[in-house]
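Given the structure is predicted, the values throughout are model-derived calculations rather than measurements.
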Amino acid sequence: MKPTVGITMGDAAGIGPEIIMKALAHQEVYDQCNPLVIGDAKILERVLPVIGSNLKVNSIQEPEEAKYKFGTVDVIDLNFVPADLEYGKVSAVAGDAAFQFLAKAIDLAKKKQIHSICTAPLNKEALHLGGHLYPGHTEILADLTDTEDFSMMLTTPNLRVIHLTTHMGLIDAIASINPERTYTVVKLAHDTLKKAGFDNPRVAVCGINPHAGENGLFGNGEEEEKLQPGIERAQQEGINVVGPLPADTLFFRAGRGDFDIVVACYHDQGHAPIKVMGIEEGVNITVGLKGGIIRTSVDHGTAFDIAGKNIADDKSMLAAIRSAIELAPKDLV
């Protein structure tokens, strides 16, 4: 049985609808899963002439109405967005709709009506204007699933990165890191890769300071205070983890195959290498959600500047769908 992947439309003023329809024009997607879009049928329909597609849109209200047939895109039609919504403009309506699409997908996942979630990008400013004051997808997912211990994982074909902190200022991020958080994320990294088929995942943790502090030369002992105890606890449990290691060489080493996953301490420390090494096929994965809910996403934004112009590339969406298929809980399929 193929997994059902719920694909949320994201911000309707951005490139989400375009890349979804482009991705679902690939037969291979339907060969591997049952894709179910959660969004707005008329917005998907209006991008068809933009991208020159002959796909059909099947507007439905419940998953059991879906056809899951190549050539027809099934969409749970929430009808939140006006048909004349302007491309490339920040909109409270689109921001609220993006939240509602995700909330519906989470509800379907909780009911086991879909097996994993794949999200198109939302716009944070629009999300906030729409009344939802979250930093991004990850925090919404954590809140609506009552999850406390979660993390963001980013992947490219040659690199995997998981984060101790994400959407907060650098000073706040460093202040929030502690041994418990370090241990939790190392274990999440280990457990996630084990479920994905790695026998003995090799985990490496970045230092906070240049050269991982260089034995106290840089910083104020953050590595020893915030990272080392959590790493040692994980090691005592048999987890194959090393660090803290200098970030300036660690990502190169991971990229050549020395490690299976890198633990980054803050947003840009992890995001920058991922985007340099493979932004077109980057995937964002939320790890540790309650109920075993799996969420993957494209690793790029709404790209308002090119929305509605048939420029957007669907490589990252295809990669995110593939990851959602691979990580879907096997006991549900």
Side-chain angles (χ1 to χ4, degrees), residues 151-166 170 173 177 181-215 217-219 222-224 226-228 230-232 234-235 237-288 294 296-300 313 315-327:
S151 185
M152 177 189 293
M153 179 186 291
L154 302 177
T155 69
T156 69
N158 297 314
L159 182 64
R160 301 174 193 85
V161 178
I162 192 169
H163 291 69
L164 295 181
T165 67
T166 48
L170 183 56
I177 297 171
R181 177 62 178 168
T182 301
Y183 164 77
T184 296
V185 174
V186 167
K187 191 171 189 310
L188 283 174
H190 169 82
D191 292 350
T192 300
L193 294 191
K194 283 284 285 185
K195 291 176 183 176
F198 289 74
D199 291 332
N200 185 29
R202 299 165 298 166
V203 184
V205 181
C206 287
I208 295 172
N209 294 295
H211 304 288
E214 203 161 305
N215 298 315
L217 183 61
F218 303 112
E222 287 86 358
E223 280 75 16
E224 292 77 13
K226 296 172 176 290
L227 302 177
Q228 196 65 48
I231 293 169
E232 291 174 355
Q235 289 171 336
E237 294 183 5
I239 293 175
N240 185 5
V241 55
V242 296
L245 298 174
D248 58 358
T249 54
L250 176 51
F251 290 101
F252 166 77
R253 294 180 62 190
R256 75 180 181 188
D258 291 2
F259 305 105
D260 297 312
I261 189 165
V262 174
V263 178
C265 295
Y266 50 89
H267 184 282
D268 285 11
Q269 187 181 60
H271 278 62
I274 283 284
K275 295 192 176 185
V276 167
M277 294 183 71
I279 189 169
E280 288 186 343
E281 295 185 82
V283 178
N284 182 327
I285 303 167
T286 305
V287 176
I294 294 296
T296 70
S297 178
V298 295
D299 187 32
H300 58 70
D313 194 307
K315 286 191 182 72
S316 186
M317 174 57 72
L318 283 168
I321 293 172
R322 284 195 295 269
S323 292
I325 295 167
E326 293 167 1
L327 296 173

Original post:
Between Arg202 and Gly257, is there a donor-acceptor pair closer than 3.5 Å when you use the side chain of the first and the backbone of the second?
Top reply: yes
Original post:
Would Val298 and Val283 count as a side-chain contact (heavy atoms from CB on, under 4.5 Å) if you check the C-alpha gap in whole Å, the side-chain angles of each, and the deciding distance to 0.1 Å?
Top reply: CA-CA 5 Å; Val298 295; Val283 178; over 6 Å; no
**OP:** Evaluate the side-chain proximity of Phe251 to Val276: yes if any heavy-atom separation is below 4.5 Å, no if none is.
**Re:** no
Subject >> Beyond-backbone contact of Ile285 with Met152, side-chain heavy atoms, under 4.5 angstrom >> reply: no
Original post:
For the side chain of Gln235 and the backbone of Asn240, is there at least one donor-acceptor N/O pair under 3.5 Å apart?
Top reply: no
**OP:** Report the distance from atom NZ of Lys187 to atom OG1 of Thr192, rounding to the nearest 0.5 Å.
**Re:** 9.5 Å
Original post:
Quick check: does any side chain N or O of Arg181 sit under 3.5 Å from a backbone N or O of Leu164, one acting as donor and the other as acceptor?
Top reply: yes
Original post:
Can you tell me how far CD1 of Ile274 sits from CG of Asn158, rounded to the nearest 0.5 angstrom?
Top reply: 9.5 Å
**OP:** With sequence neighbours excluded, tell me which residues meet ring pair (Phe, Tyr, Trp, His ring centres under 6.0 Å) with His190.
**Re:** none
Subject >> Partners passing side-chain contact (heavy atoms from CB on, under 4.5 Å) against Phe218 (at least two apart in sequence or in another chain) >> reply: Asn209, Pro210, His211, Glu214
Subject >> Side chain Glu223, main chain Ile208, donor-acceptor under 3.5 Å >> reply: yes
Original post:
OG1/Thr155 to CZ/Arg322 distance, rounded to the nearest 0.5 angstrom?
Top reply: 10.0 Å
**OP:** State, yes or no, whether a side-chain contact exists between Leu188 and Val186 at a heavy-atom distance under 4.5 Å.
**Re:** no
Subject >> Residue pair Leu245 / Cys206, side-chain heavy-atom distance below 4.5 Å >> reply: no
**OP:** For residues Ile261 and Ala189, report the shortest heavy-atom separation together with the two atoms involved.
**Re:** CD1-CB, 3.9 Å
Subject >> Test item: Arg160 side-chain N/O and Asp260 main-chain N/O as donor-acceptor pair under 3.5 Å >> reply: yes
Original post:
Atom OG of Ser323 and atom CD1 of Ile294: how far apart are they, to the nearest 0.5 Å?
Top reply: 10.5 Å
**OP:** Please answer whether the main-chain N or O of Asn200 pairs with a side-chain N or O of Lys194 as donor and acceptor at a distance below 3.5 Å.
**Re:** no
Original post:
Which heavy atom in Ala254 sits nearest to a heavy atom in Leu159, and how many Å separate them?
Top reply: CB-CD1, 3.6 Å
Original post:
Quick one: do the Glu237 and Tyr183 side chains pair a donor with an acceptor below 3.5 Å?
Top reply: yes
Original post:
Would Ile177 and Thr165 count as a side-chain contact (heavy atoms from CB on, under 4.5 Å) if you check the C-alpha gap in whole Å, the side-chain angles of each, and the deciding distance to 0.1 Å?
Top reply: CA-CA 8 Å; Ile177 297 171; Thr165 67; 3.9 Å; yes
Subject >> Residue of the set His271, His267, Gln269 for which side-chain hydrogen bond (donor to acceptor under 3.5 Å, both in side chains) holds with His163 >> reply: His271
Subject >> Side-chain heavy atoms of Thr286 within contact of Ser297, under 4.5 Å >> reply: no
Subject >> Closest non-hydrogen atom pair between Pro244 and Gly207, with its separation >> reply: CB-CA, 3.8 Å
Original post:
Could you state the interatomic distance from CG (Leu193) to CD1 (Ile162), rounded to the nearest 0.5 Å?
Top reply: 8.0 Å
**OP:** Side-chain contact test, heavy atoms from C-beta onward, threshold under 4.5 Å: evaluate it for Phe259 versus Val203 and give yes or no.
**Re:** no
Subject >> Check: Lys226 main-chain N/O paired with Thr182 side-chain donor or acceptor under 3.5 Å >> reply: yes
Original post:
Side-chain contact, heavy-atom cut-off 4.5 Å: Thr156 with Lys275?
Top reply: no
Original post:
Would you say Phe252 has more than 12 foreign heavy atoms packed within less than 6.0 Å of its CZ?
Top reply: no
